[in-house]
Amino acid sequence: MLDSVSSEPSPLLTGLNEQQREAVLTTDGPVLILAGAGSGKTRVIIHRLAYLVREKGVPARALLAVTFTNKAAGEMKERAEKLLGGALESWICTFHSFCVRLLRRYAVEAGIEPGFMIWDADDQLEAVKQALRALALPEKLYPPRRLLSDISAAKNSGRPPRGEEGSPWQETLGLVAERYQQQLTASRALDFDDLLLKAARLLEKDERVRTLLRERFRYVLVDEYQDTNRVQYDLVRHLVGPEGNITVVGDEDQSIYSWRGADINNILDFERDFPAARVLRLEENYRSSQAILDAAGALVAHNRQRKGKTLRATKQGGDPVRVHQAGDEFQEASWVVAQVARARGERAAVLYRMNAQSRLFEEALMRQGIPYSVVGGVGFYERREVKDLLAYLRLVLNPDDSMALRRVVNVPARGIGERTVEHLQQLAAERGVSLWLALQQADDQDLLPARAALPLRRFRELVLQLQKEAAALTVKGLLERALHLTGYAAALAQDDSHESQDRLENLAELLSAAADFDAREEAPSLAGFLDRVSLLSETDLVRGDAPVVLMTLHSAKGLEFDSIYLVGLEEGLVPHSRSHGSREALEEERRLCYVGMTRARQRLSLTWARNRRVFGQRRPSEPSRFLFEVPRAEMVVSADDDYGAPEPARPPRRRFEREPEVVVAPAAAELDELRPGVRVRHPLFGEGTVLQSEGAGLEKKLTVTFRGVGAKRLVARYAALEVI
DNA sequence: AACCTGGTTATTTTT
DNA sequence: TAACCAGGTT
């Protein structure tokens, strides 16, 4: 296997270090590549794919690479195609999309409906609530979210709950899980966990399919192996078989998804599971400065659950890691934003433990007129109007999807009340059919509640009409038709509130997303569109253009920035209070912190606030223990000026959207000067020229071009512009 | 069926 | 604190 190295060095190997070359060339049998943060992992993977195709003559369609995010898959595919100079026929996709493709293709063998819908987290939660209602169990005693997470945990471990266990909770869990699953079945739908579970079962049970797939996929690669759960592990094992070529790439120090069922032992025990395994390490780091690596390395060295590796920096020196202690969370945000404003032109990220922390940073950035983007939070596809429209599309494809039906049966309002829906629901439960079928039967047998009969019939006809038209339409065309036929657009247009305006804009964006899909996809279909939307993740939608990005530590995995601000490093937050007590959980928190630190190329700042509002109450905080695990010599410590002073009185908080606080804005006299052609200075973008301006006063909207940054649209009120 | 209100409740992290 | 829900009112 190594003979091609000596005979003639492949051009695919140039620019790779010794370890990377070996990782590219070691293609056969089980291989574990331990890839440290910033060690050029993706590069190795794409060179490996190219090497297999070009040098070893393996047909591209025999290669399968599985990742966790669409973004990673997309990037991998794109770069591999660029390297090979042509379209690549390999499957490079996420675990979930791989399963969907498999299940759509082998639905019969898997024993599921070919046209299944995918339920999202909202649908799942709603289904659990329904189950509780049907069982006459109070939500207070049985929190739906906890039930759902237990159901999901059970599915991810490969053993769906049964109600046989002893404890009352387990018994209830079993009952609820059973009802929950019934609803999925009646709706011809699968939840996220089912996608993996059914695919794994299919491979386990059906020898023909298994053989077929093993023959097809002769080289399988799994990225981020440290984040695989039990079911994913089973899936991979069935897919590969004892003689297969399996390569897994991962880093045990970056395993941060145990709460979603990921099992760090999958990577730690790889050599036990595959005794013939070759283990290769990538320990040369091309991303971060020496100072950053030393600090991060010292931190993670406190973990016991690891194979252990030492990253070597290729960049020497660099700024020391900064630790800043702020008086409170407001000052923490101001400090960070001041630092960001000072370092023009570099890309920075603020990383926090939980989404709720983003707001203060958003407000501070907005006040300074610094453009930013937030990853996560309320995503585009989670907005009500978007989900409503998508629900109509789901009904077109599968009217039995009861969650979709429930969602829009009275949206926009058409006189179908809660009681009517409940009545139908009961009917459906009695007969063990979907809501749609119950509706149909009730209509045919004149069982509909008198007052709602007409609107219900019209709703039914509406769905049928959309179904009839769907075949001849593009996805965008169908969306437009749905907007019109349902009266959704009209209802929004009639109401001229700011909110409705926003919604219409979002729907317009949905239309353009659909148009984009129609144009780009080879064979665009409604099913394909819905699948893609369901499998989209938060980080897939990261906009890369903003100079500052705000996100959780979890979503930062796999990304890199010039500057990293790791904020809220306090006991109870990082490590999170829920992780106190168990060593495993604490180690995961430490890894989370490690992941955050190793995102930084040039500068790393760690901040904490001496007191912070928690549960709406101000409480003093302790610095995170992780701060003490980084050697003092690596750090420069600073503090707010009023460190130790009594807590200053704060004006009552005001919602920024309603009443913007002008902190730094052009002086009033300068507002009129902001005309096209005028030179201005921005704290972040540097000097630029006004290209265009519309409106007047603080509401004035400006288009300004900055050197090296391009044109930016700014609102005068927020823009910290200075006329020069 | 939409709106209001007061009380309760919660905070990880998300493919 | 603020988001959410159940229950009541219009």
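A, B, ... follow the sequence lines: proteins, then strands. Residue 1 opens every chain.
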Inset, instruction - Just say parallel, tilted or perpendicular for the rings of A:Phe217 and A:Phe98, cut-offs at 30° and 60°. - result: perpendicular

Legend entry - A:Glu418 CD to C:dG7 P, straight-line distance once rounded to whole Å: 13 Å

Legend entry - Between B:dT13 (C1') and A:Met354 (CE): distance, integer Å: 10 Å

Inset, instruction - Find the distance A:Glu139:CD to B:dT8:C1' and express it as a whole number of Å. - result: 14 Å

Inset, instruction - Compute the ring centroids of A:Phe626 and A:His302, then answer whether they are less than 6.0 Å apart. - result: no

For residues 572-579 of chain A, which side-chain donor-acceptor pairs fall under 3.5 Å, sequence neighbours excluded?
residue: A:His576; atom: ND1; partner: A:Arg578; partner atom: N; Å: 3.1
residue: A:Ser579; atom: OG; partner: A:His576; partner atom: O; Å: 2.6

Legend entry - Touch class at under 4.0 angstrom, heavy-atom based, for A:Ala121 against every strand present: nothing

Inset, instruction - Whole angstrom is fine here: how far is it from CD1 in A:Ile416 over to P in B:dA1? - result: 9 Å

Legend entry - Minimum-distance nucleotide (side-chain atoms of A:Asn410 versus B:dA1, B:dA10, B:dT14): B:dA1

Legend entry - Distance, rounded to the nearest Å, where A:Asn70 contributes CG and B:dT14 contributes C1': 13 Å

Inset, instruction - Measure the distance from CG on A:Asp191 to C1' on B:dT14 and round it to the nearest whole Å. - result: 14 Å

Legend entry - Whole angstrom value for the distance that separates P of B:dA10 from NE2 of A:His576: 14 Å

Inset, instruction - With the side chain of A:Ala413 defined as its heavy atoms from C-beta on, choose the nearest nucleotide among B:dA10, B:dT14, B:dA2. - result: B:dA2

Inset, instruction - Assign A:Lys557 to base, sugar-phosphate, or nothing according to its heavy-atom contacts below 4.0 angstrom with the strands shown. - result: nothing

Legend entry - Side-chain donor-acceptor contact under 3.5 Å, A:Ser152 with A:Ser149: no

